Amino acid sequence: MRFMLMHRATGQRVVQAADPAADPLAGLGRLIDEMVRAGVLLAAEALLPGSAGARVSVFERRRIVTGGPSAGEEELITGFALIEVRSREEAIEWAARQAEVVGDVELRQVAAPPAGSGGAR
């Protein structure tokens with residue numbers, strides 16, 4: 001089962017219970033390393049601010065590109081991890097560990113492609 005763990009700017013309260021002087025990025029790096037060693041991590045990346053992005057839509061066959069985000073910066077996804085685990089419970093455990101470092105984490109299961117579609121797994 002694949003899951004995406006996403007953290008938003010609203011979750012940027014950093015929990016530093018063990019060491020108030022700890023660098024939150026170092027804590028996230030250690031967790032990513034653990035995910036790699038456990039063999040569950042498929043991908044993980046931080047995202048640039050919404051001001052560096054664009055919103056793309058199509059209306060009446062015309063492409064509309066707007067610079068920057070349409071939502072407030074506090075609602076934007078700031079990073080993600082894609083994991084493959086045996087159960088939803090295991091995914092929740094990894095999400096909880098990530099939330100200890102970055103704040104609130106949204107966990108979403110990745111939809112499996114239809115059987116015989118040849119889609120990536």
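Because the structure is predicted, anything quoted here is derived from the model rather than measured.
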S.K.: Between Ile92, Ile83, Val40, which is the residue that forms a side chain to side chain contact (heavy atoms under 4.5 Å, CB included) with Phe3?
M.R.: Ile83
S.K.: For Leu82, enumerate each residue passing the side-chain contact (heavy atoms from CB on, under 4.5 Å) test, keeping only those at least two apart in sequence or located in another chain.
M.R.: Met4, Leu42, Ala43, Val110
S.K.: So Gln98 and Leu28, do their side chains get closer than 4.5 Å, heavy atoms only?
M.R.: yes
S.K.: For the atom pair CD (Glu89) and CE (Met1), what is the distance rounded to the nearest 0.5 Å?
M.R.: 8.0 Å
S.K.: OG1 of Thr66 to CZ of Arg55: how many Å apart, nearest 0.5 Å?
M.R.: 8.0 Å
S.K.: Are the side chains of Ile77 and Arg8 in touch, meaning some heavy atoms are under 4.5 Å apart?
M.R.: yes
S.K.: Using salt bridge (charged side-chain N to carboxylate O under 4.0 Å, His left out) as the criterion, list what pairs up with Arg108, not counting sequence neighbours.
M.R.: Glu106
S.K.: Within the structure provided, determine whether Leu5 and Leu107 are in side-chain contact (heavy-atom separation under 4.5 Å).
M.R.: yes
S.K.: Can you list everything that forms a side-chain contact (heavy atoms from CB on, under 4.5 Å) with Ala44? Sequence neighbours excluded, please.
M.R.: Ile32, Leu41, Ala81
S.K.: Could you grab the distance from atom CE of Met35 to atom CZ of Arg37, nearest 0.5 Å is fine?
M.R.: 12.0 Å
S.K.: Holding to side-chain contact (heavy atoms from CB on, under 4.5 Å), I want the full list of residues that pass it with Val56, two or more places apart in sequence or in another chain.
M.R.: Arg63, Val65
S.K.: Checking Glu90 now: which residues fulfil salt bridge (charged side-chain N to carboxylate O under 4.0 Å, His left out) with it, not counting sequence neighbours?
M.R.: Arg86
S.K.: Mind checking side-chain contact (heavy atoms from CB on, under 4.5 Å) for Leu48 and listing every partner two or more places apart, or none if nothing turns up?
M.R.: Ala52
S.K.: Any non-hydrogen side-chain atom of Trp94 less than 4.5 Å from a side-chain atom of Leu31?
M.R.: yes
S.K.: Could you please spell out the steps behind the side chain to side chain contact (heavy atoms under 4.5 Å, CB included) verdict for Arg88 and Gln109?
M.R.: CA-CA 8 Å; Arg88 181 175 187 269; Gln109 186 170 355; 5.7 Å; no
